[in-house]
Amino acid sequence: MRKDLEVYDIIQKKEYARDQPNLKKKVINRIQGFIRNKKPIELVGFWGVGPKDKYNWADIASCEFLEKLNIEVKKIYNLGIEFLFIFATQHGIHNGIEKKTINSYTKNMEKLFKKFKFRYINLESLWKKYDISFEKIDKIFKNKSVGWWKNIDNHLAIEKNAENRNLIFSPRESAQKYYIMRDLEKNMLEKEFHKSIFHAFVDSRLKCVLPNMPILYFYSRKGWSDAPWFVTKEK
């Protein structure tokens, strides 16, 4: 069996994968390209921020879960996976999380990522590079035509998430601005990581806010789909 297909089969085990990938053939082609060029398989995704100011058991469990996946991949391809996370600082600001909390959590998470040898960057730096701002988001929001939101796939699911997470706007306004934000980020991600495979702790129902890239939909830890950065309860 081809090595790239063996790696793909591991990544798509039911233990790890919540859904079928977006652009399956491109996922396999990119895995094949990394193996051919003798490079780690580059997976890039967001790591969000929530109400907590430091990591807890849920963050650790998610990192251990991804490390377990990587250990399995390395049995087939010794260079394994290179995880790169984008700290979604601007998403946190949109949700009304205080900058002090965001800074504390991300600095704390950097220490955890270093233990697992995960790479990381800050979303704010990418926004500056690609000229994305809250002012631009607000301008687009104000110029939207009446009824545009009803045509967005799974818009009610985005509203439900906003209701649970956003501390500033109504669920609908928060969801709409979040969608616009993520829509602006699509081009940024597609250009900046054009050789990588995107991954997310969601399923394909939220494909509308993700870039047009090969995408893997992962559980956050075994048997769980909740994003670790929102988990505040004790284990």
Side-chain angles (χ1 to χ4, degrees), residues 7 10-11 13 15-18 34 39-75 77-128 161 164-165 167 182 185 188-189 192-193 196-203 206 210-211 215-235:
V7 169
I10 292 171
I11 288 172
K13 278 185 176 181
E15 179 180 355
Y16 304 112
R18 288 184 62 180
F34 290 125
K39 292 183 177 180
I41 298 162
E42 297 176 11
L43 297 190
V44 59
F46 282 114
W47 192 280
V49 294
K52 58 190 181 185
D53 61 1
K54 58 184 178 181
Y55 67 76
N56 63 12
W57 66 270
D59 303 279
I60 296 170
S62 291
C63 290
E64 290 174 341
F65 185 66
L66 295 177
E67 183 183 46
K68 182 176 181 292
L69 167 62
N70 200 10
I71 289 170
E72 285 201 51
V73 169
K74 285 182 176 180
K75 292 177 182 177
Y77 178 55
N78 68 318
L79 294 180
I81 297 169
E82 181 179 76
F83 287 101
L84 170 63
F85 287 102
I86 307 166
F87 282 124
T89 49
Q90 308 307 88
H91 300 176
I93 292 171
H94 166 73
N95 283 333
I97 305 299
E98 292 184 2
K99 288 187 177 181
K100 181 180 178 181
T101 301
I102 293 171
N103 291 337
S104 176
Y105 176 72
T106 54
K107 291 296 182 185
N108 198 238
M109 277 304 305
E110 286 177 9
K111 297 176 184 177
L112 185 62
F113 282 167
K114 285 175 182 176
K115 291 181 181 179
F116 288 91
K117 298 181 181 179
F118 296 163
R119 295 173 56 218
Y120 53 86
I121 57 174
N122 196 304
L123 179 58
E124 186 176 3
S125 63
L126 292 175
W127 269 32
K128 288 179 180 178
N161 287 340
N164 294 331
R165 298 169 184 171
L167 306 174
R182 297 300 297 264
E185 289 174 350
M188 171 193 82
L189 295 168
E192 191 73 13
F193 306 106
S196 302
I197 300 169
F198 197 81
H199 70 95
F201 294 138
V202 299
D203 58 35
L206 288 180
L210 299 176
I215 300 173
L216 299 170
Y217 303 105
F218 285 147
Y219 287 107
S220 58
R221 55 193 190 279
K222 188 174 182 178
W224 290 86
S225 57
D226 53 346
W229 46 90
F230 289 125
V231 178
T232 56
K233 63 184 179 181
E234 295 296 324
K235 188 174 181 180

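Residue indices begin at 1 and follow the sequence shown.
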Sub-4.5 Å side-chain heavy-atom contact between [X] and [Y]:
X	Y	result
Glu15	Lys68	yes
Tyr55	Ile60	yes
Met109	Lys54	no
Phe218	Leu69	yes
Leu84	Ser196	no

Could you measure the distance from the [atom1] atom of [X] to the [atom2] atom of [Y]? Nearest 0.5 Å is fine.
X	Y	atom1	atom2	value
Arg119	Glu82	CZ	CD	4.5 Å
Leu126	Met188	CG	CE	5.0 Å
Ile121	Ile86	CD1	CD1	5.0 Å
Ile11	Leu43	CD1	CG	6.0 Å
Leu112	Glu110	CG	CD	11.0 Å
Ile102	Ile97	CD1	CD1	6.5 Å

Could you check Phe230 against Asn161 for side chain to side chain contact (heavy atoms under 4.5 Å, CB included), going step by step and ending with a plain yes or no?
CA-CA 11 Å; Phe230 289 125; Asn161 287 340; over 6 Å; no

Measuring centre to centre across the rings, with the benzene-like ring taken for any Trp, is Tyr219 within less than 6.0 Å of Tyr16?
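Centroid separation for Tyr219 and Tyr16: 6.0 Å or greater.
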
Are a donor atom and an acceptor atom from the side chains of Asp53 and Thr101 found within less than 3.5 Å of each other?
no

Quick one: do the Glu185 and Trp127 side chains pair a donor with an acceptor below 3.5 Å?
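A donor-acceptor contact under 3.5 Å links the two side chains.
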
Can you give me the closest heavy-atom contact between [X] and [Y], atom names plus distance?
X	Y	value
Ile81	Pro40	C-CB, 4.5 Å
Val202	Leu206	CG1-CD1, 4.0 Å
Ile10	Glu72	CD1-O, 3.5 Å
Ser220	Pro228	CB-CD, 4.0 Å
Trp229	Val49	CD1-N, 3.7 Å
Trp57	Lys233	NE1-O, 2.9 Å

Please identify each residue that fulfils ring pair (Phe, Tyr, Trp, His ring centres under 6.0 Å) with His94, with sequence neighbours left out.
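Ring pair (Phe, Tyr, Trp, His ring centres under 6.0 Å) list for His94, sorted by chain: Phe169.
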
Listed partners of Phe83 passing ring pair (Phe, Tyr, Trp, His ring centres under 6.0 Å), at least two apart:
Phe118, His199

Taking it one step at a time, do Phe113 and Phe85 satisfy ring-ring contact (aromatic ring centres under 6.0 Å, His included)?
CA-CA 9 Å; Phe113 282 167; Phe85 287 102; 5.1 Å; yes

Name all pairs fulfilling the salt bridge (Lys or Arg N to Asp or Glu O under 4.0 Å) condition that reach into residues 92-104, sequence neighbours left out, sorted by first residue then second.
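Applying salt bridge (Lys or Arg N to Asp or Glu O under 4.0 Å) to every pair that reaches into residues 92-104, excluding sequence neighbours, yields nothing.
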
Once you measure the plane-to-plane angle for Phe87 and Tyr120, does it fall in the parallel (<30°), tilted (30-60°) or perpendicular (>60°) bin?
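Tilted.
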
Mutual orientation of the aromatic rings belonging to Phe46 and His91 [parallel < 30°, tilted 30-60°, perpendicular > 60°]
tilted

What residues form a side chain to side chain donor-acceptor pair (under 3.5 Å) with Asp203, not counting sequence neighbours?
Arg18, Arg205

My understanding is that only residues two or more places apart in sequence, or in another chain, count here; which of them pass side chain to side chain donor-acceptor pair (under 3.5 Å) with Asn56?
Lys52

For Arg221, enumerate each residue passing the salt bridge (charged side-chain N to carboxylate O under 4.0 Å, His left out) test, keeping only those at least two apart in sequence or located in another chain.
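Here the qualifying residues are Asp226.
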
Could you walk me through whether Thr106 and Thr89 pass side chain to side chain contact (heavy atoms under 4.5 Å, CB included), step by step?
CA-CA 8 Å; Thr106 54; Thr89 49; 4.2 Å; yes

Side-chain donor or acceptor of Ser62 paired with backbone N/O of Asp59 under 3.5 Å:
no

